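Report on the following structure.
So that the names make sense, note that chain A is the first sequence line, chain B the second, and so on, each numbered from 1. As the structure is a computational prediction, the values presented were derived from the model and not from experiment. Note: hydrogens, waters and symmetry copies are ignored here, and every other heavy atom, side chains too, is used.
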There are 2 protein chains.
Amino acid sequence: MTTTKDDDIIASVLTAYLNEHGHRKTTERYHILKEVYAMEGHFNVDSLYILMKNKNYRVSRATIYNTMELLVASQLVQKHQFRKGMALYEPSYFNRQHDHLIFTDTNEIKEFCDPRIQHIKDTIEKTFDITIEKHTLYCYARRHPENPKEALS
Amino acid sequence: MTTTKDDDIIASVLTAYLNEHGHRKTTERYHILKEVYAMEGHFNVDSLYILMKNKNYRVSRATIYNTMELLVASQLVQKHQFRKGMALYEPSYFNRQHDHLIFTDTNEIKEFCDPRIQHIKDTIEKTFDITIEKHTLYCYARRHPENPKEALS
DNA sequence: CTCAATGCAAATCATTTGCACACCC
DNA sequence: GGGTGTGCAAATGATTTGCATTGAG
């Protein structure tokens, strides 16, 4: 959920990015950005495509794929590959850095923040003398264990 | 690199798993297991397939895919999706739990162990009252920064 | 003997690409 | 106007699936 003001902010972030990189400011790019930020939770390209088609936007999957790449590059969106198959995306401008807990049986995804991950990254950067550009920490769990008896022990 | 003794150990682990799950102990499964453990570093299905073809094994990609799934299920192998495209695998029986640092420009992959990741997992398990079955922590960095000047600052 | 497992080739499916047209600069 | 970006449809590529055949139990 974003307000009109929020929409203005993210649009200006995109504009800055497009200007800086000499890309055109097409209407499609702004439409996609708006709808991305209207999505709830994590979503895939196809669900966004269907949604926009239903709203009578004239848009193609190809353009959505292209635009998602720009949105990821401009830090407005994060892309995830939690499992095989399609990638999932999430708007990231108003959220602070978080990691993910994936329930493999219900497909639920929960987010968590733990400051210790940053400490680990700091150590790695010093150890290898590099700069970490991004990280992904995915924890996989199951809500309903295959063997309930084992789960109790 | 594995010794003959190591090969016996991993073969017996596979045997135990196949018995326990009522799967047949086919020669292909043991051949694939042996060659998997002879691979250096992380590898993909196709490189394993080519290698086995060159060694004159009669094997198909389909069988390798099926067998890799068994090897992952039996904890003998770990599967990774570091980037889009093909999955990478690594034998895991003789290695202790580690995480990965991926260099996006050189495709190099380094491993590291940090005990704090276990502490994070412990916290998540308590917070959500669940059992984490596995996790992946991938840190992405670049050896040769796009903008060397920025890298210095 | 029987049915799970194999090899092969065709099918799948998310994503990418080629191309003619549209519209941002 | 010129060329980047778009929509559409066809291509791609890793993985999966169907099916006739093989071989483990």
Of the listed nucleotides ([options]), which one gets closest to any side-chain atom of [X]?
X        : options                  : value
Arg24(A) : dA9(C), dG5(D), dT17(C)  : dG5(D)
Ala87(A) : dT15(C), dT6(D), dA5(C)  : dT15(C)
Lys53(B) : dT16(D), dT15(C), dC8(C) : dC8(C)

Think Lys79(B) forms a cation-pi with Tyr89(B), using NZ or CZ under 6.0 Å from the six-ring centre and within 45 degrees of its axis?
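Here Lys79(B) fails the 6.0 Å and 45° test against Tyr89(B).
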Atom [atom1] of [X] and atom [atom2] of [N]: how far apart are they, to the nearest Å?
X        : N       : atom1 : atom2 : answer
Met52(B) : dG7(C)  : CE    : P     : 9 Å
Met68(B) : dA5(C)  : CE    : P     : 17 Å
Arg83(A) : dT15(D) : CZ    : P     : 16 Å
Ile64(A) : dG5(D)  : CD1   : C1'   : 15 Å
Arg58(A) : dC23(C) : CZ    : P     : 8 Å
His23(B) : dA5(C)  : NE2   : P     : 6 Å
Lys79(B) : dA14(D) : NZ    : P     : 14 Å
Gln81(B) : dT15(D) : CD    : P     : 7 Å

On DNA chain C, more 5' by nearest nucleotide between Glu69(A) and Lys25(A) is Glu69(A)
Hey, do the aromatic rings of His100(A) and Phe82(A) have their centres closer than 6.0 Å?
yes
Check ion pair Lys55(A)-Glu35(A) (N to O, under 4.0 angstrom):
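Yes.
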Ranking Val45(B) and Asn19(B) by the position along DNA chain D of their nearest nucleotide, the one closer to 5' is Val45(B)
Ignoring hydrogens, what is the shortest heavy-atom contact between Arg142(B) and Phe103(B)? Give both atom names and the distance.
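Scanning both residues completely, I find the closest heavy atoms to be C-CD2, 4.2 Å.
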Phosphate OP1/OP2 of [N]: any [X] side-chain N/O under 4.0 Å:
X        : N       : value
Arg29(A) : dT6(D)  : yes
Thr26(B) : dT6(C)  : yes
Ser60(B) : dC8(C)  : no
Tyr65(B) : dT16(D) : no

Name the orientation class of the two ring planes belonging to Tyr138(A) and His80(A) (parallel below 30°, tilted from 30 to 60°, perpendicular beyond 60°).
perpendicular
